[in-house]
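Worksheet for the structure shown next.
Reminder, nothing fancy here: chain letters follow the sequence lines and each chain counts from 1.
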Protein chains: 2
Amino acid sequence: MKRTLGIVGAGQLGRMMALAAAPLNIRCLFLDPASDACASAYGEHIVAPYDDVEAALTLAAQADAATFEFENVPPTTLAAIAAEIPAYPTAAALATSRDRWVEKSLFQRLNIPIPAIAKIDSQADLDQAVVNIGLPAVVKTRTMGYDGKGQKVLRTPADTAGTFAELGSVPLIMEGFVDFDEEVSCVAVRAVDGDMRYYDLVLNEHQSGILYRSQPLAAHLLQAQAQDYVQRVMAELDYVGVMAFEFFRKGEQLMANEIAPRVHNSGHWTIEGATTSQFENHVRAVCGLPLGDTQTRGHVVMLNVFGAHPDVTALWRLPGVHWHDYDKTDRPGRKLGHVTITATTTDELAERETAAAACLRNVRG
Amino acid sequence: MKRTLGIVGAGQLGRMMALAAAPLNIRCLFLDPASDACASAYGEHIVAPYDDVEAALTLAAQADAATFEFENVPPTTLAAIAAEIPAYPTAAALATSRDRWVEKSLFQRLNIPIPAIAKIDSQADLDQAVVNIGLPAVVKTRTMGYDGKGQKVLRTPADTAGTFAELGSVPLIMEGFVDFDEEVSCVAVRAVDGDMRYYDLVLNEHQSGILYRSQPLAAHLLQAQAQDYVQRVMAELDYVGVMAFEFFRKGEQLMANEIAPRVHNSGHWTIEGATTSQFENHVRAVCGLPLGDTQTRGHVVMLNVFGAHPDVTALWRLPGVHWHDYDKTDRPGRKLGHVTITATTTDELAERETAAAACLRNVRG
């Protein structure tokens, strides 16, 4: 049986979903305003603004199910599609992850540890929060921030002056500074029938706020703790699809950072590195199919490519190195692709990673 | 740099090439008379007969390089494309594999063991060949046969009468019967610069002349012998791209059966089962890029699906089982898809294969 999956957004995440969907006999139908969007060659493409409800209804009329490449889908678009066909993640799940205050409040309600938080609607709120939480602290816009944008680290009292205006006089959240050991994420998937699968916990390293390196950690001491927290959130939201849950690890305790209600950069390694990729599992979940095995295959690490293209020919010559080109032009800080490195031993992986990293020419934003 | 690869034929082989080409930032442009061909959703598609030279020139004008999904490309189409852009495999390579007599003669010239052969242009030739070669023997059309079609096994003298007319009064080849232990194939790839890579030797099992099961054999005793023979043929033809070389194994000796100048069914396991799939390596080779690592990953086996669709939902529930649906309707003997099974041990593989095989409902042609 041939199925059609509608996807709002036709960037690299949509493209990787379409490539994973093909063997399942699921074709993708994209809605994206950019006629040259990177996924558009791998499915039908409705070229229209994201808030074009007519276009959303056209997509719904032609698809059996729908999903979203990013969390900031206009609510009217989402509602129009969800009124016609199964659409996952649901509006409630997207709304939660779109607003850091709502998101953190959910974690708190589910007894998942989080940093100290304060809701900021004015400079006075901000000044009071500094007193209550102490410095250093991070102030973030409640909505729309990503990759380190829309946030400011406050280190000294002098940093606080004018910060509310500086961040646009929009609703903010302050979070107490966490002196964490590392950042890890748990990519997981939940099916329509409630079945859940979890990938190995991933160690994430950033450069200038952009994810640079993700490596799954086999049999991590905190795997069960992470899964427990993911399970609480997914069950509470009656979530369907792939979710990435980012944590801070401090010793043997995880603290929630944020969720991404979609396939996630820290899960890109699963294409070559897991039995079933996050993209295939997301497609399966939102189309109401059984989930696939999430086991890690051998040793694997992913490096992000941003700003400038790497020495592609050199990368292609390296064994076990997989270059994924998103078909985008160079721009400082822009994600252009990623490199997945597979190996049969940790030594081989380290050697291959060193060789691959030497081919990168990343430029920060 | 974005490249365009022209592909004559838009069936499942073209689709798997397009899916492998996407991360390399290579888009595919198909020429196929069927507007609903299975690959057409994964690239631009020129809908025209294979012998439409105008269409071939349109493809050549838009592509950087070209390749073919099957060996029976009309020579005029091939020549039109090859006059404009690099096109692999070359006309010489395709002509060799298209004609069993030319092919076998090449093996003979390169000192690769083959069964006894005879060239048959009449019933008289056939009768004489039976005397020279003896029975049992196989008679095949020199061109156009595949999957057991266009051939006849002669067991007794009575089988020979009228066989030339029965097979269409076309040029034939007789091959002495080989009482082989098993059939194996070596899938290999050669780059423009002459670099060659070989996948693990594959054990192939047939049902009614259709490949049913392919399993790569790690560290096979005859791996080096197979590679030597493949190397001789590829070097002689100055071959570029993936080639599958099918052999009969009798004890510790390989005997050449035939070559397929393209990605091959006995290499479909490489998508999940090798570091670089045959599809990616073929695309790399014909586009003039460096070749990828051909190492097998873990334990793997492939089962073909033909005639009728399997219990897909049951397949999806099995761990390590990958169902590839070619988006075709059921018809006895028609290849509809394949199932690749991966595992970390041989026991696990055997268990998973048994479970997957139980979901198949293959119908022979």
Side-chain angles (χ1 to χ4, degrees), chain A residues 1-3 12 15-16 18-29 38-39 41-44 195 197 271-272 275-276 280 284 288-295 297-298 309 312-329 336-340 342-344 352, chain B residues 1-3 12 15-16 18-29 38-39 41-44 195 197 271-272 275-276 280 284 288-295 297-298 309 312-329 336-340 342-344 352:
Chain A
M1 184 183 124
K2 186 161 194 133
R3 291 175 175 84
Q12 67 264 24
R15 191 180 81 173
M16 291 186 273
L19 299 178
L24 307 173
N25 204 17
I26 297 170
R27 72 174 195 122
C28 292
L29 168 64
C38 117
Y42 301 95
E44 298 291 310
D195 184 27
R197 307 291 174 93
I271 296 176
E272 293 88 4
T275 304
T276 312
E280 179 172 342
R284 288 185 184 214
L289 308 180
L291 303 179
D293 185 10
T294 50
Q295 200 181 355
R297 302 185 70 194
H309 273 74
V312 173
T313 306
L315 277 180
W316 278 327
R317 291 190 189 284
L318 298 175
V321 171
H322 304 266
W323 159 233
H324 295 255
D325 190 318
Y326 301 158
D327 190 17
K328 295 183 175 182
T329 51
L336 303 173
H338 73 269
V339 174
T340 305
T342 56
T344 50
R352 289 175 173 187
Chain B
M1 182 183 124
K2 186 162 194 135
R3 292 175 175 84
Q12 67 264 25
R15 192 181 80 173
M16 291 187 272
L19 299 178
L24 308 173
N25 204 16
I26 297 171
R27 72 174 194 125
C28 293
L29 169 64
C38 118
Y42 300 94
E44 299 290 310
D195 184 26
R197 307 289 174 94
I271 296 175
E272 293 87 4
T275 304
T276 312
E280 178 172 340
R284 287 186 185 215
L289 309 179
L291 303 179
D293 186 10
T294 50
Q295 200 181 355
R297 302 184 71 193
H309 274 73
V312 173
T313 305
L315 277 179
W316 278 326
R317 291 191 189 282
L318 299 174
V321 171
H322 304 266
W323 159 234
H324 294 256
D325 191 316
Y326 301 159
D327 190 15
K328 295 183 174 180
T329 50
L336 303 173
H338 73 268
V339 174
T340 305
T342 57
T344 50
R352 289 176 173 188

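For A/T342, the part sitting under 4.5 Å from any heavy atom of chain B is the side chain, from C-beta outward, and nothing else. Proximity to chain A is absent for every atom of B/I271, based on heavy atoms less than 4.5 angstrom apart. The contact between A/L19 and chain B is made by backbone and side chain atoms together, counting heavy-atom distances below 4.5 Å. Heavy atoms closer than 4.5 Å to chain A are found nowhere in B/A20, neither backbone nor side chain. In this structure, the portion of A/R15 lying under 4.5 Å from any heavy atom of chain B is its side chain and not its backbone. For chain A, the nearby parts of B/A22 are the backbone and the side chain; heavy atoms of each come within less than 4.5 Å.
Across every non-hydrogen atom of A/Y42 and B/A18, the tightest pair is CE2-O, 4.2 Å.
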Could you give the side-chain donor-acceptor pairs of residues 315-326 of chain A under 3.5 Å, partners two or more places apart or in another chain?
{"from": "A/H324", "atom 1": "NE2", "to": "A/E272", "atom 2": "OE2", "distance (Å)": "2.7"}
{"from": "A/D325", "atom 1": "OD1", "to": "A/D327", "atom 2": "N", "distance (Å)": "2.8"}
{"from": "A/Y326", "atom 1": "OH", "to": "A/H338", "atom 2": "ND1", "distance (Å)": "2.7"}

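The greatest number of non-hydrogen atom pairs below 4.5 Å with chain B, out of A/N25, A/L289, A/T275, A/T276, is found for A/N25.
When the salt bridge (Lys or Arg N to Asp or Glu O under 4.0 Å) test is applied to B/R284, the partners found at least two apart in sequence or on another chain are B/E280.
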